[in-house]
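Some notes on the structure that comes next.
Residue numbering restarts at 1 for every chain, and letters A, B, ... go by the order of the sequence lines.
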Number of protein chains: 2
Amino acid sequence: MGDLAGRRSAPASFAPGQPHQIVFFEANAEIYAQGERAAALYQVEYGVVRLYRLLSDGRRQISAFHVAGEVFGFEADGQHHFFAEAVGDAGIRIFRQPAGEGNWRPTLDAALAALVRAQEHLLVVGRQNAAERVAAFLLDMMQRQGGECIELAMSRTDIGDYLGLTIETVSRTLSKFKSAEVVQLEGRRLLKIADVRALRALCT
Amino acid sequence: MGDLAGRRSAPASFAPGQPHQIVFFEANAEIYAQGERAAALYQVEYGVVRLYRLLSDGRRQISAFHVAGEVFGFEADGQHHFFAEAVGDAGIRIFRQPAGEGNWRPTLDAALAALVRAQEHLLVVGRQNAAERVAAFLLDMMQRQGGECIELAMSRTDIGDYLGLTIETVSRTLSKFKSAEVVQLEGRRLLKIADVRALRALCT
DNA sequence: CGAATTCTTGAGCCCGATCAATAGTTGTGG
DNA sequence: CCACAACTATTGATCGGGCTCAAGAATTCG
C-alpha cells in the first residue's frame, strides 16, 4: 500500500510537554460536529482530515483538508462552527487544555496560518474557473506531500466540495490535464504531476 | 449625510492601555499592501475597510469587509498576504506592538473570529447561487449595522468582488429583491430590508 | 466472482458572464 | 442654480462554462 499521504514523517508535536492523547479514527469517522461545545485542539498525526459546513439541503463546502503535522479545531465562543471528519484512517493528537499561558504563540501561529489559507482559498473558489481551481488544488497537494507524486486521500466528491465544483467537472478537468500530458493518472488515487509549470501558469 | 455605517458608536479599544495612534485614510486609500513586511494590528474606528487579493489578470476577490470595532491586519511569517484599503473615509487605530505578552487573548479571539467568518464566507461563495449570496451579504450587513436600514459603504463592484459575482448580477439580483418587495432601494447606497424572513429563507 | 461503489464520459440545458446601451448620480465650473 | 462631464448603476440580449441527467466503465470489497 502507499505510504505517502502524510504518514511518512512523524510530525513535531504542536505543544511539547502539554498533556494530550492520541486517538484513532477510521475512514469517514466524525472527529467533532458543528455546534459541539469544546475546548480542545487537534493535531494530525497521520492521515487526512476534512473540515466542512453544510447547507440545509445537503450542499457541502469543505473549507480545508489537514494533513500530518497540521493543527485544527479552533473554535470561537467555545463552540465548533464546522464538522471535522477523518478522510481515510487517521490518528489525531488531542490537546484538552490548548490555549494555556505557555503556548499561546504556537496556537496563534496555527490560527493565522489557517486564516491565510482560508482567505487564499476564497480567491480560488470565488474568482477562478474549473481548470484553475483543480490546478491550485494539485499544486497545494504537491507542496504538502513534497513531491510530484500525489496520493489523493480524498474522493472526487471531496475534491468537488472543496473546490466548489461537481464531481463530473473535477473528473473532466483531470481527464483534460491527462490528455494534455500535464498529469499522469495511475488508478484513481495516484497521480503524478508531469508539468508543474503548466499548472503554475494556470493559477498566477 | 448618512451617519450610519459604523460611525454611530465609538468602538471599545482592542487593547486598552497599549500604545497606538489613530490614522485617517480617505476613500480608496491603501492601508497596507500584499507582501509588505509589518507587525502591527489595526482596529477600525469609523468607516469600512476591504481586504482583498488579486490575480495577475486583475480579477479581485475581497475576502472581508471590516467595520467599526473590528480588528484586522494579522499576518503570518511577518508579512501581509492581502491588500487593505479604506472603502470610504475611515479612521484606523494602529497598534505597533500587537501581540505582546499581555494581550494575546484578544488577539487570538480576533483572529479566530476572522477565521470563522472567512470559512463561513467560503460556503457562500462556493456553494450558493447569486440570490443566496446577495441575501447572505445583506443579512450580514444588517447584523453589523444593527437595523433594517443599511447604508452600503461599498460600490456594486466591491459587492461583486466580495461575493464572486459580476456587478451586473449583483444589480439584477437587488432589482429582483426590490420588485419582490424584499428590500427597498433609496438611491444606490441606502437600502431597507422589508422582509428579513424571505432573506433568511434563502440562506439556511 | 459478483455486487456495490466510485469514477468517467456524453448530451443538453441553465445560470451567470459578457457585451452593449441607457439611465441615474456626483462633481465641477460658469 | 444650471450645464456639462465623468462616473456608477441598471437593464437588455446573447453566449458559454459548468451543472444536471444519464449511461457505462473501472475499482473496491465481500
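- For S155(B), counting side-chain heavy atoms from C-beta on, the closest listed nucleotide (dG12(D), dA9(D), dT8(C)) is dA9(D).
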* Asked: What do the steps show when you test Y42(A) against Y32(A) for ring pair (Phe, Tyr, Trp, His ring centres under 6.0 Å), and what is the final call?
  -> CA-CA 10 Å; Y42(A) 305 78; Y32(A) 56 75; 5.2 Å; yes
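- When rounded to the nearest whole Å, the span between CG of L165(A) and P of dC7(C) equals 15 Å.
- Side-chain contact annotation: Y162(A) with Q61(A), donor-acceptor N/O pair under 3.5 Å absent.
- Here the nucleotide nearest the side chain of S175(B), chosen from dG16(C), dT10(D), dC7(C), is dT10(D).
- The side chain of E168(A) lies closest to dT20(D), out of dT18(C), dA9(D), dT20(D).
- At least one side-chain nitrogen or oxygen of T169(A) sits closer than 4.0 Å to the OP1 or OP2 atom of dC19(D).
- Candidate nucleotides dT8(C), dC7(C), dT11(D) were compared by shortest atom distance to the side chain of R189(A), and dC7(C) ranks first.
- Rounded to whole Å, atom C1' of dT28(D) lies 15 Å from atom CG of L190(A).
- Heavy atoms of R156(B) sit under 4.0 angstrom from primed sugar atoms or phosphate atoms, though from no base atom.
- Here dC15(C) presents its C1' atom at 13 Å from CZ of R59(A), a figure rounded to the nearest Å.
- Across all strands shown, L174(B) has no heavy atoms under 4.0 Å from either base or sugar-phosphate atoms.
- In this structure, G187(A) and Q128(A) both approach DNA chain D, and ranking their closest nucleotides by distance from the 5' end singles out Q128(A).
- Comment: D161(A) does not engage R59(A) in a salt bridge, judged by the lack of any side-chain N to carboxylate O separation of less than 4.0 angstrom.
- dT5(C) atom P lies 14 Å from atom CD1 of I167(A), rounded to whole Å.
- With respect to E148(B) and K192(B), no salt bridge is recorded, no charged nitrogen being found less than 4.0 Å from a carboxylate O.
- Counting any heavy atom pair closer than 4.0 Å across all strands shown, G164(A) reaches sugar-phosphate atoms only and no base atom.
- Per the geometry, CG belonging to D161(A) stands 15 Å off C1' belonging to dC7(C), to the nearest Å.
- Looking at the side chain of T157(A), the nearest of the listed nucleotides dG12(D), dC7(C), dA9(D) is dC7(C).
- Atom CZ in R127(B) sits about 17 Å away from atom P in dC15(C), given to the nearest Å.
- The shortest distance between side-chain heavy atoms of E30(B) and E36(B) falls below 4.5 Å.
- Within the cation-pi definition used here (under 6.0 Å to the ring centroid, within 45° of the axis), R50(B) does not qualify as a partner of F65(B).
- If you take CD of E132(A) and C1' of dG18(D), they are 14 Å apart, rounded to a whole angstrom.
- In terms of polar N and O atoms assigned as donor or acceptor, the side chain of R172(B) comes within less than 3.5 Å of the base of dG12(D) in a complementary pairing.
- Close to dA17(C), at under 4.0 Å from its OP1 or OP2, lies a side-chain N or O of T166(B).
- Taking atom NZ of residue K176(B) and atom C1' of nucleotide dT11(D), one finds them 12 Å apart after rounding to whole Å.
- In this structure, the nucleotide among dA9(D), dT8(C), dT10(D) sitting nearest to the side chain of R188(B) is dA9(D).
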